[in-house]
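In what follows, a structure is listed as structure tokens, so that the remarks can point back to it.
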Amino acid sequence: MSGAEDGYVRVTAPAEMEGMLERLSQPGGASLQLDAEQSRPLPVLVVEQLPGEHLLLDLTSIREVAADLKRGGAFRLLGQTRDQVLRTPPLVIEALKEQKGKLFGVCPYPTSLEVLQRRASFRARLRLGMEVGAILRNSSGLAPLQGDLKDLSLEGCLLELPLSAAPLLAGADLLELELCFLNGARFSIRAQPRHSQADAERQAVRAGFRFVATSGEQERQLWHYVREIERESVRQGEGSDSSLLPSLLFQTALRRRPR
């Protein structure tokens, strides 16, 4: 193993790589992310790996990116377990083929893999000026509550809500939570209130939530948001790293499309 960027560790041992790529062969185990701005991880299936030669990918469910891949657009394969995130270096599709109504792509076998150890309990905290709206909805027909995201992890989050939310939080079991980012991205998940603390002077309440029954796709999205919040927080912090580009999550559509 050797060091890689962004806290990832590079793995080159063939047997270890083969075992890691086997995880991507499980249903829901892999995602494909184009190496381009605003790209999101998309579900893909690794149907075959021939060490040292190629990977065979089932691209049937993501035909919308086939044109980019055919033009030689680079991408990474991503996978995860509860305590690890793994990714390939940038790859390109060498051949696309249709077979029995399915679309397959062949790409070179990666020369290495990159692994990031993660803690499910790690919380990415938003700095002042990093705005993420939150909407809470319940099944009783009451009006939705609006607030602000303060931190986010794979397991839950902390919200700041109006003081009027306290009675709802005290009696709620499961709520639908929607996070709204400046660039227009939205993420919905079921959440259970765990604790709250009212601040009468600020007329606000801070409430912690635990996410319930998250799917593999929701975990992939959550991990993306946690990493982007952490990166943007580092970029804006004291002794900030000027080499880091601003996260697209915190840019409005107007800023992203100057005229």
Side-chain angles (χ1 to χ4, degrees), residues 5-8 33 37-41 78 80 85 116-137 144-166 168-169 172 175-212 214 217-256:
E5 295 180 355
D6 302 328
Y8 283 81
Q33 184 168 16
E37 284 191 0
Q38 304 180 46
S39 64
R40 291 181 53 197
L78 313 174
Q80 61 183 325
V85 174
L116 176 70
Q117 299 292 332
R118 72 180 189 184
R119 292 178 296 138
S121 59
F122 170 76
R123 290 186 175 271
R125 292 179 170 81
L126 284 78
R127 289 183 174 273
L128 187 65
M130 293 172 60
E131 299 177 10
V132 179
I135 303 173
L136 282 175
R137 299 181 177 92
L145 289 168
Q146 297 189 20
D148 297 295
L149 180 69
K150 293 301 177 183
D151 67 38
L152 181 68
S153 77
L154 293 176
E155 296 180 334
C157 66
L158 181 69
L159 303 182
E160 184 170 276
L161 299 160
L163 195 59
S164 58
L168 173 63
L169 297 174
L175 298 169
E176 185 72 19
L177 168 62
E178 183 177 25
L179 300 179
C180 309
F181 295 88
L182 276 178
N183 72 338
R186 289 177 175 253
F187 174 73
S188 295
I189 194 168
R190 288 189 297 169
Q192 182 180 43
R194 302 294 290 174
H195 59 81
S196 62
Q197 183 175 3
D199 185 337
E201 184 176 344
R202 297 183 63 248
Q203 290 292 293
V205 57
R206 288 206 169 194
F209 294 83
R210 179 176 67 87
F211 299 141
V212 177
T214 53
E217 176 60 24
Q218 285 175 320
E219 278 210 358
R220 279 190 286 272
Q221 289 180 274
L222 278 170
W223 183 241
H224 170 67
Y225 295 142
V226 167
R227 290 285 293 170
E228 285 295 291
I229 290 171
E230 180 187 14
R231 187 167 69 89
E232 184 66 12
S233 181
V234 169
R235 191 185 73 84
Q236 293 189 16
E238 294 181 9
S240 59
D241 186 349
S242 59
S243 68
L244 292 176
L245 294 174
S247 170
L248 293 175
L249 289 178
F250 298 95
Q251 298 183 58
T252 63
L254 182 61
R255 290 175 185 166
R256 289 187 290 112

Could you check if a side-chain atom of L248 sits within less than 4.5 angstrom of a side-chain atom of Q251, using non-hydrogen atoms only?
yes
Looking at CG of L182 and CZ of F250, how far apart are the two atoms once the value is rounded to the nearest 0.5 Å?
7.5 Å
Applying side-chain contact (heavy atoms from CB on, under 4.5 Å), can you list everything that pairs with A207, at least two apart in sequence or on another chain?
L161, L169, S196, F209
Test side-chain contact (heavy atoms from CB on, under 4.5 Å) applied to E230 and R125, step by step
CA-CA 7 Å; E230 180 187 14; R125 292 179 170 81; over 6 Å; no
Would you say the side-chain atoms of Q203 pair up with the backbone N or O of A200, donor to acceptor, closer than 3.5 Å?
yes
Under the side-chain contact (heavy atoms from CB on, under 4.5 Å) test, residues paired with E228 that sit two or more places apart
H224, R231, S247, L249
Under the salt bridge (Lys or Arg N to Asp or Glu O under 4.0 Å) definition, can you give me all pairs with a residue in residues 197-212, not counting sequence neighbours?
E160-R202, E160-R206
Any salt bridge (Lys or Arg N to Asp or Glu O under 4.0 Å) pairs touching residues 180-198, not counting sequence neighbours?
E178-R186
When rounded to the nearest 0.5 angstrom, what distance separates OG in S233 from CG in L126?
7.5 Å
Expected list for residues 145-152: side-chain donor-acceptor pairs under 3.5 angstrom, two or more places apart:
from : atom 1 : to   : atom 2 : distance (Å)
D151 : OD1    : R123 : NH1    : 2.8
D151 : OD1    : L158 : N      : 3.1

By ring pair (Phe, Tyr, Trp, His ring centres under 6.0 Å), F181 pairs with (sequence neighbours left out) Y225
CG on L177 to CZ on F187, rounded to 0.5 Å:
8.0 Å
